[in-house]
Amino acid sequence: MAHWLMKSEPESYSWDDLVRDGGTEWDGVRNNAARLHLRAMKKGDEAFLYHSMSDKAVVGVMRIVREAAPDPKDPDWVSVRVEPVKAIGPVTLKDIKTEPSLAAMELIRQSRLSVAPVRDDEWRKILEMAGTR
DNA sequence: GCCAACGTTGGC
DNA sequence: GCCAACGTTGGC
């Protein structure tokens, strides 16, 4: 199973919104690299939800429950469907930057990418960091 | 609020 | 096809 990280500004759509809705269509992604990642997602994959801007922290785990389909707002792009699994952390960007084993994360390397892959070791490390608080 | 990084657009 | 100008994202 592959792992991912998906960003949202909590003022636009937060973990609490996702829990309230029970799941959501992850649409509105308008970046080609991010689209390629969306297309690569498989049903059952898990993704961190990262609150950007005001929070800058990983706050939960989501599950991909439907693979890429045309974005309902613009069929040139794609969206997936996600559901909340559990709240974790928060593991802040600062925490991640302080941890040497996470220095190669796509989140760090390309901070503007809104949908990014997470390696298995990185995934485990962040879960571990989330569990120790 | 500023600025770096990155993507897109348009003139040539 | 190059590159300057511009817009957007997101960290600081």
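Each chain gets a letter, A, B and so on, in the order its sequence line appears, and its residues count up from 1. The figures that follow rest on heavy atoms only: side chains count, while hydrogens, waters and symmetry mates do not.
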Inset, instruction - Could you state whether A/Met6 and A/Leu102 fall into the same hydrophobic cluster, counting links through intermediate Ile, Leu, Val, Met, Phe, Trp or Tyr residues with side-chain heavy atoms under 4.5 angstrom apart? - result: no

Legend entry - Residues A/Glu25 and A/Arg66 bridged, charged N to O under 4.0 Å: yes

Inset, instruction - State plainly whether the residues A/Arg63 and A/Glu46 are in salt-bridge range, i.e. N to O under 4.0 Å. - result: yes

Inset, instruction - For the pair A/Lys42 and A/Asp45, find out whether any cationic side-chain nitrogen is under 4.0 Å from an anionic carboxylate oxygen. - result: no

Do any N or O atoms of the protein come closer than 3.5 Å to N or O atoms of nucleotides 10-12 of chain C, and which pairs are they?
unit_1	atom_1	unit_2	atom_2	d
C/dG11	OP1	A/Tyr50	OH	3.1
C/dG11	OP2	A/Met53	N	3.1
C/dC12	OP1	A/Lys97	NZ	2.4

Every protein N/O lying under 3.5 Å from an N/O of nucleotides 1-6 of chain C:
none

Legend entry - Spacing between A/Asp76 atom CG and B/dT8 atom C1', to the nearest angstrom: 15 Å

Legend entry - Distance, rounded to the nearest Å, where A/Leu5 contributes CG and C/dT9 contributes P: 17 Å

Inset, instruction - Take A/Val29 and A/Ser79 through the test side-chain contact (heavy atoms from CB on, under 4.5 Å) and record every step on the way to the result. - result: CA-CA 7 Å; A/Val29 173; A/Ser79 59; over 6 Å; no

Legend entry - A/Lys73/A/Asp71 salt bridge by N-O under 4.0 Å criterion: no

Inset, instruction - Take the protein atom CZ of A/Arg35 and the nucleotide atom C1' of B/dT8, then report the distance between them rounded to whole Å. - result: 14 Å

Inset, instruction - Measure from NZ or CZ of A/Arg35 to the centre of the six-membered ring of A/Trp77 and say whether it is under 6.0 Å with the direction within 45° of the ring axis. - result: yes

Legend entry - Pair A/Lys125 + A/Glu128, salt bridge at N-O below 4.0 Å: yes

